[in-house]
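Presented below is the structure to which this report refers.
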Amino acid sequence: MTRETRFGALAADARWQAAWDAANSFATNEGGEKPKAYILEMFPYPSGRIHMGHVRNYAMGDVLARFKRMTGHDVLHPMGWDAFGMPAENAAMEKGVHPGGWTRDNIAAMRAQLKRLGLAIDWSRELATCEPDYYGQEQALFLDMFAAGLVARKESYVNWDPVDMTVLANEQVIDGRGWRSGALVEKKKLSQWFLKITDFADDLLEGLGSLDHWPDKVRLMQENWIGKSQGLEFSFRLAGGAPGFDVFTTRPDTLFGASFAAISPDHPLAERLAKDSPELTAFIAECRRQGTSAEQLETGEKLGFDTGLAVEHPLDPDWHLPVWVVNYVLMDYGTGAIFGCPAHDQRDLDFARKYELPVHRVISQPAPAKAGGDETGQVFHGDEAYVGPGRLVNSHFLDGMTVDEAKAAIIARAEHEGWGKGTTVWRLRDWGVSRQRYWGTPIPFIHCPACGLVPVPKSQLPVVLPEDADFSVPGNPLDRHPTWKHVACPSCGGEAVRETDTLDTFVDSSWYFLRFASAPADKPFDPEVIRRWLPVDQYIGGIEHAILHLLYARFWTRALNKLGMIDIKEPFASLFTQGMVTHETYSRAQGEGLPPLFFTPDEINRSADGATLDADGAPVTVGRVIKMSKSKKNVVDPDAILDQYGADAARWFMLSDSPPERDLPWSEAGIEGAWRFVQRLWRIFGETGNVGDGGEDKPLARKLHQAIAGVAADVEALGFNKAVAKIHALANEIEKAKPSATRAEACRTLILLVAPMMPHLAEEAWAALPEAQRSTAMVADAAWPIADPALLVEDEVTIVFQVNGKRRDEELLPKDAPREIVEERALANTNVQAHVAGATPKKVIVVPNRLVNIVI
RNA sequence: GCGGACGUGGCGAAAUCGGUAGACGCAGCAGACUUAAAAUCUGCCAUCCUCUGGAUAUGCGGGUUCAAGUCCCGCCGUCCGCACCA
């Protein structure tokens with residue numbers, strides 16, 4: 001074929017995407033003998049259009065998947081859709097479309113966009129969580145978990161929006177109001193479905209230790225989220241001996257510093273007392289109203305209500321502590337009640353100073369400034385609690401002990417005397433999965449007046465969503481559907497109703513990676529096949545899923561392990577969290593009190609020293625480089641980029657310059673540069689037949705083989721920016737070199753080196769090679785080149801000569817030259833001699849193959 | 001408030017083990033080719049000086065070391081997560 005002087009990216013993209021499809025190039029080799037590699041990027045929500053963040057995410061995963069194929073692995077690289085969720089229902093309410101139609105249209109549009117990127121994906125495994133063949137199996141798993149005691153129904157307070165008639169997540173409550181309706185949110189007690197993730201709290205925490213290939217940041221975030229605290233739980237008796245309430249503390253050592261007891265406004269005792277006290281009722285209402293506002297947390301004002309009750313100190317029944325209801329004690333942590341030790345807890349101190357309660361020191365504290373010795377006086381001064389280490393004081397039998405010794409002593413005594421016990425408290429809550437929503441997985445249960453709660457028999461799965469739902473009024477369309485929920489009880493045959501709650505969409509994404517590996521029609525997955533593919537070898541996605549999604553998926557995997565369905569406990573052997581794609585903003589101030597007016601990059605003419613608006617030619621303000629977002633209009637549409645530059649330039653730019661875990665600033669100049677490099681490679685690939693006088697070029701051969709090894713190591717470590725730099729450097733070397741057999745060979749090898757990143761260009765160049773020079777018909781099936789170890793090392797190295805640690809000269813010497821020779825050359829060097837100036841060296845340090853440092 | 005990460009040219013960055021700071025790219029400058037433009041190619045590109053050399057430079061101040069972007073201590077700044085968690 002005749003060779004074009006320019007690479008026609010658009011035609012090549014289409015041609016090779018069709019060729020891979022036709023050859024079924026990326027089908028998973030199910031029963032293969034090679035080592036497996038399961039490469040997975042977090043599946044997208046089908047919002048309607050892909051954005052640059054998707055392009056970056058899938059470009060990275062694709063490079064790895066293609067590289068693994070080239071290096072002798074059976075690769076599983078699938079794609080699917082996290083297709084349930086609120087936006088579809090909002091669209092239904094706003095535009096009158098059906099959530100299912102809206103979602104499936106979006107999937108079709110985004111699938112077409114993704115395919116234009118030329119991803120090496122096994123599309124035969126595509127799944128969408130909104131289809132019954134997926135969520136029906138999820139219902140089966142939910143029933144299995146129910147049978148194993150991992151599902152619970154509990155009464156729980158929820159944020160209830162009285163206008164939209166729905167439960168809101170905490171993050172949907174803004175300053176006490178619903179984010180959509182603006183209505184004041186009520187706390188409402190509802191019967192909700194829970195998954196018992198707290199059963200695995202310790203195991204989930206322990207397991208983090210084994211995840212060596214996860215970012216420390218993510219492990220730490222999960223650790224904090226699980227929040228393990230060890231301490232003492234004990235009972236207060238009311239003064240006079242009547243049963244009181246339980247409290248939890250991590251500082252039992254400070255028990256002799258107690259000056260009050262405090263309970264949460266939501267504590268049952270507070271609610272009981274409120275029945276006879278309008279003032280307390282009003283106080284509790286005030287606390288609940290303020291509890292959700294952010295400014296309340298910031299100012300941190302401590303509010304209390306003295307109940308008039310008192311409790312006995314557990315170590316001295318004659319010592320009575322007043323009982324307060326306070327706004328900073330949370331009902332859903334510990335027991336919802338505490339004892340207050342103001343000297344050694346900042347919140348308690350703030351509270352005690354405000355309400356003039358006693359403040360007793362029980363831990364000695366280093367005295368400030370010169371005074372010397374420790375502060376041990378019982379009266380505690382100042383507004384800063386002391387939380388550091390020290391010895392116990394003013395504490396009877398504990399005096400002189402360290403904090404840790406005192407904790408152990410108190411716990412031992414409490415357990416001996418029977419008024420308390422050492423215990424562990426978790427921050428992690430059970431996972432509430434009920435949503436009063438239509439567009440989610442129906443929870444497969446039936447409420448029967450005679451039999452109670454009855455699981456839907458597996459033979460009747462899937463419980464399919466009704467198509468004819470009504471979205472014209474707020475509330476749950478399933479609940480008011482005229483017929484759907486009315487069914488016969490599977491147990492007694494009497495009239496019964498379906499559960500109308502649906503599952504949180506995080507449930508859908510907690511096991512999709514299993515279904516990708518194995519998707520039989522009659523069960524969730526085949527354990528044998530799971531054994532071959534799981535765990536996922538490399539998982540790639542955004543840091544925003546560091547806690548919830550990844551924790552839920554880890555929990556779900558453990559739960560299935562407990563059920564005996566899978567062997568593994570950790571689903572993702574290696575995790576990578578990639579940075580965002582960012583862009584400058586362009587705006588103009590609109591005057592006092594008005595928000596600035598933003599412009600899209602399309603409307604702007606950007607030059608080196610500023611930017612102007614195309615419409616009027618006048619300048620605009622160039623703002624900070626921030627995450628692409630619709631509100632700031634700093635978005636770039638991938639389709640437009642693909643139309644203009646093709647997939648390879650877009651992929652290349654996504655991988656260049658910025659380390660993948662860091663943010664990538666998008667720029668017009670950057671994509672232009674990537675485009676120019678694509679063309680430059682095309683010209684280099686045109687030199688594959690140019691052998692010149694046919695000779696060998698040893699230095700170039702070294703560069704080539706160093707690049708083969710270096711690029712492989714970088715890609716393996718996800719250091720794509722470094723791999724890109726090495727390819728650039730090799731291209732520079734090839735262009736500088738005179739034509740030779742080595743150079744022609746380097747040009748051919750370069751095709752393979754860029755193939756994972758620029759697959760269309762690589763195929764096009766490969767196809768132009770004479771058949772004898774191609775190992776396979778397509779690059780997609782070619783092997784990664786083998787680096788010759790003999791060529792990886794130089795035979796000459798640059799040795800730096802330093803005098804007193806400062807670089808004075810350098811010389812090219814044979815590699816591994818003996819120390820004496822190197823030292824001799826350094827001392828003989830004229831620049832060195834000038835700085836040594838005849839002095840006798842005190843010491844000469846020789847670092848082999850690197851430098852000589854002469855100390856005078 | 002608690003926890004964490006980061007700070008290197010005009011910009012994105014590299015320096016894998018304490019051993020040449022700034023590879024590679026972007027932008028810029030000068031030149032070649034061209035009627036011209038685009039494309040392409042060549043060279044320059046941290047700062048300062050008394051310029052075949054030298055001094056200063058990895059947020060700031062100390063320290064360890066023959067040698068520090070890298071290790072230690074103390075500040076400053078930016079970003080992120082959690083947040084009245086007892």
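Chain naming here is simple, since letters A, B, ... match the order of the sequence lines and numbering starts at 1 in each. Below, all heavy atoms of this structure are taken into account, side chains as well, without hydrogens, waters or symmetry copies. All of these numbers come straight from a predicted model, not from anything done at the bench.
Of the candidates B:rG12, B:rU20, B:rC84, B:rU20 carries the atom nearest the A:L851 side chain, counting heavy atoms from C-beta on. Taking only side-chain atoms of A:V329, from C-beta outward, the nucleotide of B:rA86, B:rU20, B:rA14 with the closest atom is B:rA86. If you check B:rG81, B:rU40, B:rA67 against the side chain of A:R683, the one that comes closest is B:rU40. Among the nucleotides B:rU20, B:rU16, B:rC66, the one closest to the side chain of A:K726 is B:rU16. Closest to the side chain of A:L220, out of B:rG81, B:rC66, B:rG3, is B:rG3. Closest to the side chain of A:I338, out of B:rA86, B:rA13, B:rC24, is B:rA86. Proximity note for A:T249 (side chain, C-beta onward) versus B:rG54, B:rC41, B:rA86: the nearest is B:rA86.
Taking atom CZ of residue A:F653 and atom P of nucleotide B:rA13, one finds them 12 Å apart after rounding to whole Å. Taking atom CG of A:D809 as the reference point, atom C1' of B:rU52 lies 12 Å away to the nearest angstrom. We find that CG of A:L208 is positioned 15 Å from C1' of B:rG3, with the value rounded to whole Å. For the pair A:Q679 CD and B:rU40 P, the computed distance is 8 Å after rounding to whole Å.
Ion pair A:R606/A:E668 not flagged as a salt bridge, since none of the NZ, NE, NH1 or NH2 atoms sits closer than 4.0 Å to an Asp/Glu carboxylate oxygen.
Phosphate contact (OP1/OP2 of B:rG7, side-chain N/O of A:R662, threshold under 4.0 Å): absent. Of the side-chain N and O atoms in A:H835, one or more sit less than 4.0 angstrom from OP1 or OP2 of B:rG54. Remark: A:N721 is in phosphate contact with B:rA14, judged by side-chain N or O atoms under 4.0 Å from OP1 or OP2. Side-chain nitrogen and oxygen atoms of A:R676 include at least one within less than 4.0 Å of the OP1 or OP2 phosphate oxygen of B:rC26. At the phosphate of B:rC82, neither OP1 nor OP2 sits under 4.0 Å from any side-chain N or O atom of A:K217. Distances shorter than 4.0 Å separate none of the side-chain N or O atoms of A:N224 from OP1 or OP2 on B:rA83. For the OP1/OP2 pair of B:rA86 and a distance below 4.0 Å, the side-chain nitrogens and oxygens of A:S229 include at least one atom meeting the criterion.
In textbook terms, a nucleotide whose glycosidic angle is within 90° of 0 is syn, and B:rC17 is one such case.
Taking the P atoms as reference points, B:rC73 lies 39 Å from B:rG25, given to the whole Å. B:rU58 and B:rG69: their C1' atoms are spaced 5 Å apart (whole Å).
Side-chain atoms of A:K722 stay outside donor-acceptor range of the base of B:rC24, with no qualifying N/O pair under 3.5 Å.
In this structure, A:R429 reaches neither bases nor backbone, as no heavy-atom distance under 4.0 Å exists between it and the strands shown. Residue-level contact check: A:V800 touches the bases, meaning some heavy atom is under 4.0 Å from a base atom. Nucleic acid contact class of A:R427 (heavy atoms, under 4.0 Å, all strands): base.
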As a quick check of understanding, evaluate ring-ring contact (aromatic ring centres under 6.0 Å, His included) for A:F506 and A:W431, giving each step before the final call. CA-CA 10 Å; A:F506 276 113; A:W431 175 14; 7.3 Å; no

When Watson-Crick pairs (N1 to N3 and N6-O4 or O6-N4) and G-U wobble pairs (N1-O2 and O6-N3) count only below 3.5 Å on both distances, what is the dot-bracket string of RNA chain B, with | for other-strand pairs? (((((((..(((......[....))).(((((.......))))).((((...))))..(((((..]....))))))))))))....

